[in-house]
Visitor: 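Pasting a structure here, questions to come.
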Amino acid sequence: MQFYSFSAGRSTQLLHETVEEIQKQQPDAHLEAFQLNLASYRSIKRFGASLKQWIQQTRSEPAIQLLINSAGILAKSHRVTEDGLDEMIQTNYVSPFILTNILLPLLKNSSVPSRVVNVTSFTHRCVSGIDVSEDALRGMKFGRCSGGENYPLACAYEYTKLCLLMFSYELHRHIHMSSAVSVIAADPGIVETKIMRELPQCLSCFAFLALRFLKLLQDPDTGVGSILDAALAPPEESGKCFFGGKGRTIRSSQLSYDTEVAKKLWAESTAVFKELQLRECDFRNS
């Protein structure tokens, strides 16, 4: 049986380089790259259609075995997307919620146990209370803050990571007992990436220098450990959070296990999803 893999991201150049690097190490790998901008619902729809077409063309099983939601940005300002949402909230949480729900039928259709891995962050622990209303998910609260003050980028980022974590647990409760789909969260810890590229270079360099001195900073090859652990764990590990590699699991913040808030988050996220669907239909019909 042949196995096919796909990667999706904003930069076609980086996607091409990633495919080339993998094929150098695994010449027999069957890979496909798709351009996907999570700050655009229209881009997600195009990706979903292109993926289904590619699956048909390869004559492979109409299913997905593994979905890893790893995209994330740290925006320094409140930017409203074409969908009317705060760009960081849409990229880090709302779009992974939508993408996962769009691909869920393919995950459920797998002949082998399938999995969703959501990459979250320990920074979710900084959130002491959470507003999961539709306005909050659109970023209205953070947008108002940026009117006369600086955009609270840390608070907004922490908010998205808590939402993604709560979505992971709620998705596990929704589907794991009734299907062969497991859902696991992964927290890599502090990893030296380009996520702070929007901040002044002197600030990001100082932060990495301090973290390296404290021996808290990991290189990407080490930081990916928790994601690999989550992807390869037995199905019965569904609903857990892996942290820092070496097969370690942790309990996340107390707030992240609030099932009533998680249910409301799911309902409000679904409302945003449905509104974007209606807007897209209106756009196509206009």
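Keep in mind that the numbers below use all heavy atoms, side chains included, and drop hydrogens, waters and symmetry copies.
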Visitor: Quick check against the 3.5 Å criterion: does H176 have a side-chain atom that pairs as donor or acceptor with the backbone of S238?
Guide: no
Visitor: Does S256 use its side chain to pair, donor to acceptor, with the backbone of L165 at less than 3.5 Å?
Guide: no
Visitor: Verify whether one side chain among D219 and T222 offers a donor that lies under 3.5 Å from an acceptor in the other.
Guide: yes
Visitor: Where the side chain of D86 meets the backbone of G139, is there a donor-acceptor pair that is under 3.5 Å apart?
Guide: no
Visitor: To the nearest 0.5 Å, tell me how far L104 CG sits from K108 NZ.
Guide: 4.5 Å
Visitor: I need the full list of side chain to side chain donor-acceptor pair (under 3.5 Å) pairs touching residues 178-187, with sequence neighbours left out, sorted by first then second residue.
Guide: R115-S182
Visitor: Might you point out which heavy atoms bring I44 and L36 nearest each other, and give the distance in Å?
Guide: CA-CD1, 3.7 Å
Visitor: So, S110 and S114: side-chain donor and acceptor under 3.5 Å apart, yes or no?
Guide: no
Visitor: Thinking salt bridges, do K45 and E280 make one under a 4.0 Å N-O criterion?
Guide: no
Visitor: Donor-acceptor pair, N109 side chain versus A63 backbone, under 3.5 Å?
Guide: no
Visitor: Say whether, by atom type as modelled, one donor and one acceptor occur between the side chain of T58 and the main chain of I55 under 3.5 angstrom.
Guide: yes
Visitor: Inspect the surroundings of CZ in R79 and state if more than 12 heavy atoms from other residues, nucleotides or ligands are less than 6.0 Å away.
Guide: yes
Visitor: Under the side-chain hydrogen bond (donor to acceptor under 3.5 Å, both in side chains) rule, collect the residues that match up with Q26, sequence neighbours excluded.
Guide: none
Visitor: Got a salt bridge between K240 and E237, using NZ or NE/NH1/NH2 to carboxylate O under 4.0 Å?
Guide: yes
Visitor: Please assess F273 against I102 for the test side-chain contact (heavy atoms from CB on, under 4.5 Å), listing each intermediate value before the final yes or no.
Guide: CA-CA 10 Å; F273 181 14; I102 288 175; 3.9 Å; yes
Visitor: Name the atoms and distances for all side-chain donor-acceptor pairs under 3.5 Å in residues 12-23, with sequence neighbours left out.
Guide:
{"residue": "Q13", "atom": "NE2", "partner": "E17", "partner atom": "OE2", "Å": "2.8"}
{"residue": "H16", "atom": "NE2", "partner": "E20", "partner atom": "OE2", "Å": "3.1"}
{"residue": "T18", "atom": "OG1", "partner": "L14", "partner atom": "O", "Å": "2.8"}

Visitor: Under a 3.5 Å distance rule, please check whether S60 uses its side chain to pair with a backbone N or O of Q56 as donor and acceptor.
Guide: no
Visitor: Judged by atom type as modelled, is there a donor-acceptor pair below 3.5 Å linking the side chain of E82 to the main-chain atoms of A39?
Guide: no
Visitor: Sequence neighbours left out, what pairs pass ring-ring contact (aromatic ring centres under 6.0 Å, His included) with at least one residue falling in residues 242-264?
Guide: Y169-Y257
Visitor: Would a 4.5 Å heavy-atom cut-off, applied to side chains only, mark T259 and V261 as touching?
Guide: no
Visitor: Between F142 and Y159, is the ring centroid distance below 6.0 Å?
Guide: yes
Visitor: Can you tell me if N118 uses its side chain to pair, donor with acceptor, with the backbone of A185 under 3.5 Å?
Guide: no
Visitor: Quick one about S269 and Y93 (side-chain donor to acceptor, distance below 3.5 Å, no hydrogens or angles considered), yes or no?
Guide: yes
Visitor: Between the side chains of D135 and S133, is a donor N or O closer than 3.5 angstrom to an acceptor N or O?
Guide: no
Visitor: Does the side chain of T81 pick up a donor-acceptor pair with the side chain of E87 at under 3.5 Å?
Guide: no
Visitor: Please enumerate all residues that pass salt bridge (Lys or Arg N to Asp or Glu O under 4.0 Å) together with E268, with sequence neighbours excluded.
Guide: none
Visitor: Would you say T100's side chain and F97's backbone share a donor-acceptor pair under 3.5 angstrom?
Guide: no
Visitor: List the steps and the verdict of side-chain contact (heavy atoms from CB on, under 4.5 Å) for L137 and L265.
Guide: CA-CA 9 Å; L137 293 177; L265 174 64; 3.8 Å; yes
Visitor: Under the rule for salt bridge (Lys or Arg N to Asp or Glu O under 4.0 Å), what residues qualify as partners of R173, not counting sequence neighbours?
Guide: E170
Visitor: Under 30°, 30 to 60°, or over 60°: which ring-plane class applies to H174 and W266, parallel, tilted or perpendicular?
Guide: parallel
